[in-house]
Amino acid sequence: MSYLNTRQALVTQFLATSVTGLTVADIATDNEFFDPANKSLWAMLTVIPASSDAQGKGSTDTNEDRGIFQVSVFVPVNTKDRSILSATAVDQIRAGFQFNTATVYNGQQVSIQDINVNQGRVTEAWFQTDISINYLTFSNRG
C-alpha cells in the first residue's frame, strides 16, 4: 500500500474543496505543530487505514486498501451561530467528497465509498463535528 499516495490524494482533494472561512493556515494534520488560538474555524485531517486485503498471491498483484479520512471541524464554543458555521463547513466538505467519486495522487486512485457525520460535541473550548469519509484504493505491492 502506498500510504503516502493515499494520504496525499485525500489531503489534495480536501485542499481543492472550498470551505468558507477556512484557509491552509487553518488546517491541522497528524504529527505537525498547530496552534488553533484565535481561529474562528479550523479543521484536523487524519487518515486512518482500516484494512488491507490481498487481491492475489503474486508479488505483482494488488492489495485492496480501505480506511477512513477523518475531518474534524472546530468552531469556538462562544461563537454566535456555531451550529450554523459548523453545518455550513460540513456541507461544503461533503460536497467535495461525494459518493462514488475518486481522487488521484501520483497514480494512486482513491475512491470515496460513503460519508458519515456525527452530531457534534463540545471539546474544551471548541464545538467539534467529525466527518468520516470511507475510502477504497487498490495499490501495488512492489
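When all heavy atoms are compared, the tightest approach of T129 to G120 is OG1-CA, 3.9 Å. Looking at every heavy atom in both residues, Q13 comes nearest to G96 through NE2-O, 2.9 Å. Residues D26 and G21 come closest through the heavy atom pair OD2-O, 3.6 Å. For the pair V104 and A9, the tightest heavy-atom approach, listed with the atom from each and the gap, is C-CB, 4.1 Å.
To the nearest 0.5 Å, atom CD1 of residue I68 and atom CG of residue N134 are 5.0 Å apart. With rounding to the nearest 0.5 Å, the separation of CG in D65 from CG in L136 is 8.0 Å. Once rounded to the nearest 0.5 Å, the distance linking CG of L85 with CZ of F127 reads 10.5 Å. Note that the OG atom of S132 and the CD1 atom of I115 stand 10.0 Å from one another [nearest 0.5 Å]. The distance from atom OH of Y105 to atom OG of S2, rounded to the nearest 0.5 Å, is 9.5 Å. Note that CD of E64 is 4.5 Å distant from CZ of R66, once rounded to the nearest 0.5 Å.
Note on ring orientation: taking the six-membered ring where Trp is involved, the planes of W42 and F34 are tilted (angle from 30° to 60°).
Placement of M44 and I48 in two distinct hydrophobic clusters is found when ILVMFWY residues are connected by side-chain heavy-atom separations under 4.5 Å, directly or transitively. L22 is connected to V11 through a chain of hydrophobic side-chain contacts under 4.5 Å among Ile, Leu, Val, Met, Phe, Trp and Tyr, so both are in one cluster. One hydrophobic cluster holds both V117 and F14 under the rule that ILVMFWY side chains link at heavy-atom gaps under 4.5 Å. Under a hydrophobic clustering in which Ile, Leu, Val, Met, Phe, Trp and Tyr are joined whenever their side-chain heavy atoms come within less than 4.5 Å, directly or via other members, I27 and V73 fall into the same cluster. A single hydrophobic cluster is not seen to contain both W126 and V71; linkage of ILVMFWY side chains at heavy-atom distances under 4.5 Å, directly or through other members, places them apart.
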Decide yes or no on side-chain hydrogen bond (donor to acceptor under 3.5 Å, both in side chains) for Q92 and T17, but give the supporting numbers first.
CA-CA 7 Å; Q92 291 170 338; T17 301; over 6 Å; no

May I have the step-by-step check of side chain to side chain contact (heavy atoms under 4.5 Å, CB included) for Q98 and T101, ending in yes or no?
CA-CA 6 Å; Q98 294 190 16; T101 60; 4.0 Å; yes

Q70 vs T46, test: side-chain hydrogen bond (donor to acceptor under 3.5 Å, both in side chains). Steps then yes/no.
CA-CA 5 Å; Q70 183 84 31; T46 307; over 6 Å; no

Check the pair I93 / V19 against side chain to side chain contact (heavy atoms under 4.5 Å, CB included), numbers first and verdict last.
CA-CA 7 Å; I93 294 165; V19 180; 3.7 Å; yes

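Looking at S86, its side chain never comes within 3.5 Å of a backbone N or O of R82 through a donor-acceptor pair. Not one N or O on the side chain of K39 forms a donor-acceptor pair closer than 3.5 Å with the backbone of V75. Within the 3.5 Å criterion, the main-chain N or O of P76 finds a donor-acceptor partner in the side chain of T79. No donor-acceptor pair under 3.5 Å is formed between the side chain of T103 and the backbone N or O of V110.
Using modelled atom types, one finds a donor on one side chain and an acceptor on the other under 3.5 Å when comparing Q128 with D130. Using modelled atom types and a 3.5 Å distance limit, the side chains of D91 and T88 yield no donor-acceptor pair. Residues Q108 and T137 bring a donor and an acceptor atom of their side chains to less than 3.5 Å of each other.
Taking the six-membered ring wherever Trp is involved, the centroid distance between the rings of F69 and F97 falls below 6.0 Å.
Counting heavy atoms from C-beta outward, P49 and Y3 have side chains that approach closer than 4.5 Å. Side-chain contact between T6 and L4 is absent, with no heavy-atom pair separated by less than 4.5 Å. Counting heavy atoms from C-beta on, the side chains of I112 and F99 never come closer than 4.5 Å.
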